[in-house]
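Every value quoted in this text rests on a predicted model; they were computed, and no experiment measured them.
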Amino acid sequence: MWNGSIALPRRKYEDQDKDGFPQEESYEWEHGIPASFVDVTRNDEVLAAQKGYSADQNIEIMECNYQGESFLFDESEEAVYDIRRTFRKDKSMVLVLTCERREHGKI
């Protein structure tokens, strides 16, 4: 059923300099979450265009693994995706995340 895996950020850390100003954000990741990478449908593309983003990838995961994160990391392609829309398939525990790929180098 699963054809890949993702990592989701679970905790955010903010380092501070000696004066108390934030320097850099870092995240604690939960790796190895089973996922299915499925094609984006035409309806997903139309809805994304209406909302002002591009739907690059649909990723299906179990609902219990998702806790409202706004982005994820694709472990096979080593790419970061912003989660733009979530919906649950009818009568199942599978959650579909419609994602937009981030520009390379931005976390």
Side-chain angles (χ1 to χ4, degrees):
M1 178 178 177
W2 309 115
N3 60 12
S5 65
I6 62 169
L8 290 170
R10 293 299 186 204
R11 187 175 306 173
K12 179 178 176 181
Y13 297 102
E14 290 186 18
D15 295 332
Q16 295 181 352
D17 63 8
K18 63 180 180 178
D19 297 323
F21 292 104
Q23 286 183 322
E24 187 176 310
E25 297 176 345
S26 61
Y27 294 91
E28 181 179 303
W29 295 88
E30 182 176 341
H31 294 277
I33 298 171
S36 289
F37 293 82
V38 295
D39 293 332
V40 176
T41 65
R42 180 70 182 142
N43 288 340
D44 293 329
E45 291 175 346
V46 169
L47 182 62
Q50 290 174 348
K51 297 286 185 176
Y53 66 92
S54 65
D56 297 322
Q57 184 72 56
N58 277 345
I59 301 172
E60 296 178 350
I61 63 171
M62 293 301 293
E63 187 175 12
C64 61
N65 291 321
Y66 183 70
Q67 298 173 359
E69 294 85 3
S70 61
F71 63 96
L72 59 86
F73 180 74
D74 176 4
E75 294 180 329
S76 62
E77 291 186 17
E78 298 185 358
V80 177
Y81 288 91
D82 288 315
I83 301 170
R84 296 299 189 165
R85 184 171 73 110
T86 62
F87 65 94
R88 191 173 70 158
K89 288 186 166 183
D90 291 334
K91 299 180 183 176
S92 74
M93 297 301 291
V94 174
L95 194 66
V96 179
L97 310 173
T98 302
C99 302
E100 179 180 31
R101 189 175 184 140
R102 273 195 194 170
E103 188 177 325
H104 184 69
K106 293 188 177 181
I107 291 189

Residue D19 excluded, over 12 heavy atoms near CG under 6.0 Å: yes
Close side-chain approach of E63 to R88, heavy-atom, < 4.5 Å: yes
Taking every non-hydrogen atom, the tightest pair across T41 and N58: N-ND2, 4.4 Å
Close side-chain approach of Y27 and F71, heavy atoms under 4.5 Å: yes
Shared hydrophobic cluster, M93 / W2 (ILVMFWY, side-chain heavy atoms < 4.5 Å): yes
Side-chain (Q57) to main-chain (V38) donor-acceptor, under 3.5 angstrom: yes
By salt bridge (charged side-chain N to carboxylate O under 4.0 Å, His left out) - contacts of R10 (at least two apart): E30, E69
Contacts of type salt bridge (charged side-chain N to carboxylate O under 4.0 Å, His left out), residue E45, not counting sequence neighbours: R42
Partners meeting salt bridge (charged side-chain N to carboxylate O under 4.0 Å, His left out) with K89 (sequence neighbours left out): E60
ILVMFWY network linking V40 to Y53, side-chain heavy atoms under 4.5 angstrom: no
Residues forming a salt bridge (charged side-chain N to carboxylate O under 4.0 Å, His left out) with D44, sequence neighbours excluded: R85
Fellow cluster residues of I6, listed by chain then number, with links counted only when side-chain atoms sit under 4.5 Å apart: L8, I33, F37, I59, I61, Y66, L72, Y81, I83, L95, L97
Any pair counted as salt bridge (charged side-chain N to carboxylate O under 4.0 Å, His left out), so long as it reaches residues 70-79, sequence neighbours left out: E77-R101
